[in-house]
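Position 1 is the first residue of the sequence; numbering continues from there.
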Amino acid sequence: MDHVSESNINRQLHALTTTLGQSKVQAMQDRISLINPSCVVRIIDDFITPENIDSLLPHDLDMLIDATDQVSAKVALASWCLAHHKPLVMVGAAGGKKLAHLVEMADLASVTHDPLLAQVRQRLRKMGFVFSVKVPSSIHAVYSREEITRPEPIEGVSVDGNLNCHGYGSLVTVTATFGQCAAGWVLNHFSH
């Protein structure tokens with residue numbers, strides 16, 4: 001239920017001047033088809049919630065990558081994976097970060113310097129899930145310990161305070177590194 005915007009063009013493969021305003025899931029399906037016409041993509045144009053997650057995720061999935069930026073969606077995905085004993089790679093916040101070489105991976109319990117993942121962990125704890133540095137979970141996180149760089153004020157331009165494209169922005173070098181780390185972890189996991 002998201003649409004391609006101009007601010008997506010610098011960092012999302014499906015975001016082109018020709019796809020501006022198009023549904024992101026449709027634009028992604030079309031782009032994947034251009035790359036590999038035999039790839040089957042099932043699109044669902046909906047937000048994931050605790051109420052609909054069971055009908056949206058297949059119970060036989062092997063691995064899930066979460067690259068959403070909404071805490072509620074991340075919590076729904078994480079709690080579902082924990083309840084169903086499915087491994088999850090969760091991508092943290094890239095907004096306001098500039099140094100791609102500082103991106104790393106760790107168990108969600110060990111992540112620091114990521115306000116998005118901290119909120120997810122806090123909500124999961126309130127739901128009764130236990131996280132401990134000594135007892136790893138099945139949630140692997142991509143994050144950066146780099147401090148968030150706040151934008152310089154520009155006269156006449158308001159910043160909404162969110163670490164997203166409408167607030168602090170994201171650099172393609174950082175978002176791409178987050179995505180490559182998540183995908184690389186999954187590929188490495190299945191190569192063993």
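- Leu88 places none of its side-chain heavy atoms less than 4.5 Å from the side chain of Leu108.
- Counting only heavy atoms from C-beta outward, the side chains of Asp54 and His59 approach each other to under 4.5 Å.
- Within the structure, the side-chain hydrogen bond (donor to acceptor under 3.5 Å, both in side chains) test picks out the following pairs touching residues 100-124 (sequence neighbours left out): Glu104-Tyr143, Glu104-Arg145, Asp107-Ser137, His113-Glu147.
- Between Thr49 and Asn52, the closest side-chain pair of non-hydrogen atoms falls below 4.5 Å.
- The minimum heavy-atom distance linking Lys74 with Thr68 is given by the pair NZ-O, 2.8 Å.
- Looking at Leu102 and Val174, their side chains never come closer than 4.5 Å, going by heavy atoms from C-beta outward.
- Between the side chain of His189 and the backbone N or O of Trp185 there is no donor-acceptor pair closer than 3.5 Å.
- If you chain together hydrophobic residues whose side chains sit under 4.5 Å apart, Val91 and Met63 fall into the same group.
- There is a path of hydrophobic side-chain contacts, each under 4.5 Å, that joins Trp80 to Leu124.
- The side-chain heavy atoms of Glu6 and Leu20, taken from C-beta on, include a pair separated by under 4.5 Å.
- Criterion: ILVMFWY side-chain heavy atoms under 4.5 Å apart, direct or through other members. Under it, Met105 and Val120 are not part of a common hydrophobic cluster.
- Here CD1 of Ile139 is found 4.0 Å from CG of Leu82. Values are rounded to the nearest 0.5 Å.
- Hydrophobic clustering (side-chain heavy atoms under 4.5 Å, transitive across Ile, Leu, Val, Met, Phe, Trp, Tyr) keeps Ile65 apart from Leu77.
- His14 has its side chain out of reach of Thr19: every pair of non-hydrogen atoms, C-beta onward, lies at least 4.5 Å apart.
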* Show your reasoning for whether side chain to side chain contact (heavy atoms under 4.5 Å, CB included) applies to Gln26 and Ile43. => CA-CA 7 Å; Gln26 185 62 57; Ile43 62 173; 3.6 Å; yes
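- The NZ atom of Lys98 sits 4.5 Å away from the OG1 atom of Thr149 when rounded to the nearest 0.5 Å.
- In the hydrophobic cluster analysis, where Ile, Leu, Val, Met, Phe, Trp and Tyr join through side-chain heavy atoms closer than 4.5 angstrom, Ile53 is grouped together with Met127.
- Here the side chains of Val89 and Val186 are in contact, with some heavy-atom distance below 4.5 Å.
- Distance check, rounded to the nearest 0.5 Å: CG of Leu56 to CD of Glu51 gives 11.0 Å.
- Nearest heavy atoms, Cys81 versus Pro87: SG-O, 4.5 Å.
- Panel note: side chain Glu146, backbone Lys97; no donor-acceptor pair is recorded below 3.5 Å.
- With Arg31 contributing its side chain and Leu13 its backbone, the two residues share a donor-acceptor pair below 3.5 Å.
- The backbone N or O of Val75 sits less than 3.5 Å from a side-chain atom of Ser79, completing a donor-acceptor pair.
- Across all their heavy atoms, Ile32 and Val41 have their closest contact at CG2-CG2, 3.7 Å.
- Residues Asn8 and Ser5 have side chains that bring a donor and an acceptor to within less than 3.5 angstrom of each other.
- Side-chain contact check for Leu16 versus Ile9: every heavy-atom pair is 4.5 Å or farther apart.
- Not a single donor-acceptor pair under 3.5 Å links the side chain of Lys86 to the backbone N or O of Leu64.
- Distance check: Gln12 CD to Ser7 OG gives 7.5 Å after rounding to the nearest 0.5 Å.
- Of all non-hydrogen atoms in Val111 and Ala106, the two that sit nearest each other are CG2-O, 4.4 Å.
- Going from atom CG of Asp60 over to atom CG of Asp62 covers 7.5 Å, rounded to the nearest 0.5 Å.
- Side chains of Asp30 and Gln22: a donor on one and an acceptor on the other come within 3.5 Å.
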* Can Phe47 and Ser72 be said to form a side chain to side chain contact (heavy atoms under 4.5 Å, CB included), step by step? -> CA-CA 10 Å; Phe47 289 109; Ser72 60; over 6 Å; no
